[in-house]
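As structure tokens, the structure follows; a few thoughts come after it.
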Amino acid sequence: MAKLIVNADIPKGTIDRNIYGHFSEHLGRCIYEGIWVGERSPIPNIDGMRSDVVEALRKLRVPVLRWPGGCFADEYHWKDGVGPAEQRKRMINTHWGGVVEDNRFGTHEFMRFCELIGAEPYVCGNVGSGTVAEMSEWVEYMTFGGESPMADWRRRNGREKPWKLAYFGVGNENWGCGGNMRPEYYADLYRRYACYVRNYGDNRIFKIACGANSKDYDWTEVVMRQAGRFMDGLSLHYYTIPTGRWNEKGSATEFDEKLWFATLKHTLFMDELIRRHDAIMTAYDPEKRVALIVDEWGTWYDVEPGTNPGFLYQQNTMRDALVAGINLNIFHNHCDRVRMANIAQLVNVLQAVILTEGARMVLTPTYHVMDMYNVHQGAALVAAELDGPVYEMDGERIDQLSVSASVDSSGRLHVSLCNLHHADSADIVCDIRGLAVSEAAGTILTADAMQAHNTFDEPEAVKPASFDGFRMEGGRLVGRLPARSVVVLEVR
Ligand code: AHR
């Protein structure tokens, strides 16, 4: 029997709602088809953005959206994407499929999309192949309210008022696709570029430096030491790859219990990564002023058979639901340092919450987990100690359960629990302290098979159901978590 002690009266910090952020890149069918279909499309749209996707994302309460990349960001020249659509420059998207990018979706369209879904924009600038002036002018274009060359150009392009822009990234993966830089070199460039990312009027920009690739702790060490005091956030990218090998990552839908286990084990590594990067950051920033921004996370599989390898289109199963639940629990439990995270990517790419095909749209298991977990947005993390069973496979051992708990502004306690085991349920007794408790009820996401997923023909194969599997016994909550399940309970 697993034992969980929740101290509902011991707050441990706020779960920033930006932990529920998303990422959208000019990659495959994310922007084009997934978001943008154009005003004249037969697919219902609002100003060219597909209405079904807008509605689903509004419902999901997406707090922040990162754009335009990714690797694309360090090849993107924003001036090509503003002004009359038919005059916009066409370019080759060299990173992603070698397709023509006609710049139809640019700054104005992105800002409009953010307004429609109710998200804060997080724009990533070009350090790899762009100039300081170009980055500085982009910020002026977006946020300056007075008279200036860029603000006047924005007005001529149809937008009178400046936009509010809270988050700006100074480059993406500059250790790799963003310029193959050494951390010493990037740290100096960061200081220079960030200097010209100005605060105009009352707009205040939270500046995010490019952070490490997974366990490149040296990158964090050097960048924090040389440039830590000039940044508000430092990013971290980590993807879950079932096999751990980039050349053969594994299928999204065809896998056995060994790959299920390996995928979840790789996901749990996020906890160690955050701890170790945090420890390095703490040496330079003991007050935890600089946030760790996990602005790319999620599963990365081999693409769906028959699709463009450069488009990174993959299905999404119950396994992805567990990956999402585990990662979100980890982010919650590190909310003192992790203050934003952006799942990769929003629609049709990697661990997407939405898939589209023509006029059809499907919500993935990952969508449902994020929707269920939304009760934690902005809530106070509370202490939750778990003494649970071990999940073993071929001599390797991981925790079978993952948990986090929070109390929202109305005093409601929510506990999210994942049972990682592919076949075994888990009995659990919860001792809830600091709150008078009489019942617990909530929502569960589970399915008969590990590989269960939603398709355009069967869009509701995996969907949340109400869950009342817990009862009061001797002043404690006792219940059973089914195998391969994600549960969010409200404890009253
Ligand atoms: O999300 C896909 C790619 O993964 C991004 O463009 C890049 O930043 C990362 O390597």
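Note that ligands are numbered from 1 as they come in the structure, with each ligand's atoms numbered from 1 the same way.
At the top of the distance list for atom 1 (O) of ligand 1, counting protein heavy atoms only, stands Y239 OH, 2.7 Å. Looking only at heavy atoms of the protein, atom 8 (O) of ligand 1 is closest to E296 OE2, 2.7 Å. E173 OE1, 2.7 Å is the protein heavy atom nearest to atom 10 (O) of ligand 1.
Interface atoms of ligand 1 facing C71, defined by a heavy-atom separation under 4.0 Å, are 5 (C), 6 (O), 7 (C), 8 (O). Near Q345, meaning under 4.0 Å from one of its heavy atoms, ligand 1 places the atoms 1 (O), 2 (C). Near L350, meaning under 4.0 Å from any of its heavy atoms, are these atoms of ligand 1: 1 (O), 2 (C).
With a heavy-atom cut-off of 4.0 Å, F23 touches ligand 1 through its side chain alone. Of all the heavy atoms of H95, none lies under 4.0 Å from any atom of ligand 1, so neither backbone nor side chain is involved. Contact annotation: for W96 versus ligand 1, heavy atoms closer than 4.0 Å belong to the side chain alone.
Side-chain contact between L401 and H421 is absent, with no heavy-atom pair separated by less than 4.5 Å.
Ring to ring, H376 and Y373 are close: their centroids are under 6.0 angstrom apart.
For the 3.5 Å distance criterion, the side chains of T299 and Q314 qualify, holding a donor opposite an acceptor. A donor-acceptor contact closer than 3.5 angstrom links the side chains of S404 and S416. At a cut-off of 3.5 Å, with distance as the only test, no side-chain donor of H108 or N157 sits close to an acceptor on the other residue. No side-chain N or O of Q351 forms a donor-acceptor pair with one of Y301 less than 3.5 Å apart.
At least one donor-acceptor pair closer than 3.5 Å links the side chain of D285 to the backbone N or O of V290. Between the N93 side chain and the W96 main chain, a donor and an acceptor come within less than 3.5 Å of each other.
Taking 4.0 Å as the cut-off, F72 does not count as a neighbour of ligand 1 on heavy-atom distance.
The shortest N/O to N/O separation between N172 and ligand 1 falls below 3.5 Å.
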